[in-house]
Amino acid sequence: MHTPETKRPATHPPLLGWRALALVYDFFPALALWFVVAVIFTSLHGDSVRGGGLGLLEFACLYGLTGIYATASWRRGGQTIGMKPWHLYVDDQAGGPASLKQLWLRFIVGSLSLLCLGAGFWWALFDRDQLTWHDRLSKTRLTRDKNRDGALD
């Protein structure tokens, strides 16, 4: 558990650049998971999947597996592999662990934000608390805390 002196205030979330760096780092474990899905679908189909129902199923599996990676990582220790080097953590608004429902909502809204050219991330530049769309809608927050590292592992 965190002592009050090590808990980062909600009014000082990490800069947008830290979020972007974590996303870039997290692309690589996600890519590895996508390769596993692609191998399975290719072996079942005998050739590359080119669309249609099977293509939609493959996309759903890719998206779902990415969501499982993110939400399970956040639930387990508050961070994904890409968040570790930058000391970033996902918590609920009170500073405790976020629920699975909050984390899935965060993942889905964050995905939609990326589809909107990152508009939900850019929103943090104008938000009074520097929160993104997915922070606000899921009632979670991203904090940067060097003192917390290893505390939840």
* Note, F28 side chain near I81 side chain (heavy atom, < 4.5 Å) -> no
* Taking Q102 for the side chain and S138 for the main chain, is one N or O donor matched with an acceptor at less than 3.5 Å? -> yes
* Between Q93 (side chain) and K139 (backbone), is there a donor-acceptor pair under 3.5 Å? -> no
* Asked: Does D26 use its side chain to pair, donor to acceptor, with the backbone of L23 at less than 3.5 Å?
  -> no
Mind listing the side-chain donor-acceptor pairs of residues 108-122 below 3.5 Å, one per line with the distance, residues two or more places apart or on another chain?
{"from": "S111", "atom 1": "OG", "to": "Y63", "atom 2": "OH", "distance (Å)": "3.0"}
{"from": "S111", "atom 1": "OG", "to": "F107", "atom 2": "O", "distance (Å)": "2.8"}
{"from": "S113", "atom 1": "OG", "to": "G120", "atom 2": "N", "distance (Å)": "2.8"}
{"from": "S113", "atom 1": "OG", "to": "F121", "atom 2": "N", "distance (Å)": "3.3"}

* Structure fact -> In short, Y25 meets P85 closest at the heavy-atom pair CE2-CG, 3.5 Å
* Distance from R106 atom CZ to D135 atom CG, nearest 0.5 Å? -> 4.5 Å
* To do: Kindly work out whether a path of hydrophobic side-chain contacts (I/L/V/M/F/W/Y, heavy atoms less than 4.5 Å apart) joins L16 to F126.
  => yes
* Structure fact -> Output for pair (D129 CG, R136 CZ), nearest 0.5 Å, gives 5.0 Å
* Asked: Is there a donor-acceptor pair closer than 3.5 Å between any side-chain N or O of R75 and the backbone N or O of A98?
  -> yes
* Answer yes if L142 and L21 sit in the same cluster of Ile, Leu, Val, Met, Phe, Trp and Tyr residues linked by side chain heavy atoms under 4.5 Å apart, and no otherwise. => yes
* Would a 4.5 Å heavy-atom cut-off, applied to side chains only, mark L62 and E58 as touching? -> yes
* T140 side chain near H134 side chain, heavy-atom distance below 4.5 Å -> no
* Atom OG1 of T71 and atom CG of L105: how far apart are they, to the nearest 0.5 Å? -> 12.0 Å
* According to the interplanar angle, ranging from 0 to 90°, do the rings of W133 and W123 count as parallel (below 30°), tilted (30 to 60°) or perpendicular (above 60°)? -> tilted
* Asked: If only atom types and distance count, is the side chain of D92 paired as donor or acceptor with the main-chain N or O of A94 below 3.5 Å?
  -> yes
* Side chains of V39 and W34 in contact at under 4.5 Å (non-hydrogen atoms) -> no
* To do: Anything under 30° is parallel, anything over 60° is perpendicular, the rest tilted; go ahead and classify W18 against W86.
  => tilted
* Residue from D91, T80, L100 passing side chain to side chain contact (heavy atoms under 4.5 Å, CB included) with W74 -> T80
* Asked: Does V36 belong to the same Ile/Leu/Val/Met/Phe/Trp/Tyr cluster as L44, with side-chain heavy atoms less than 4.5 Å apart forming each link?
  -> yes
* Does Y69 OH have over 12 foreign heavy atoms under 6.0 Å away? -> yes
* Asked: Do L65 and F35 belong together in a cluster built from hydrophobic side chains that touch within less than 4.5 Å?
  -> yes
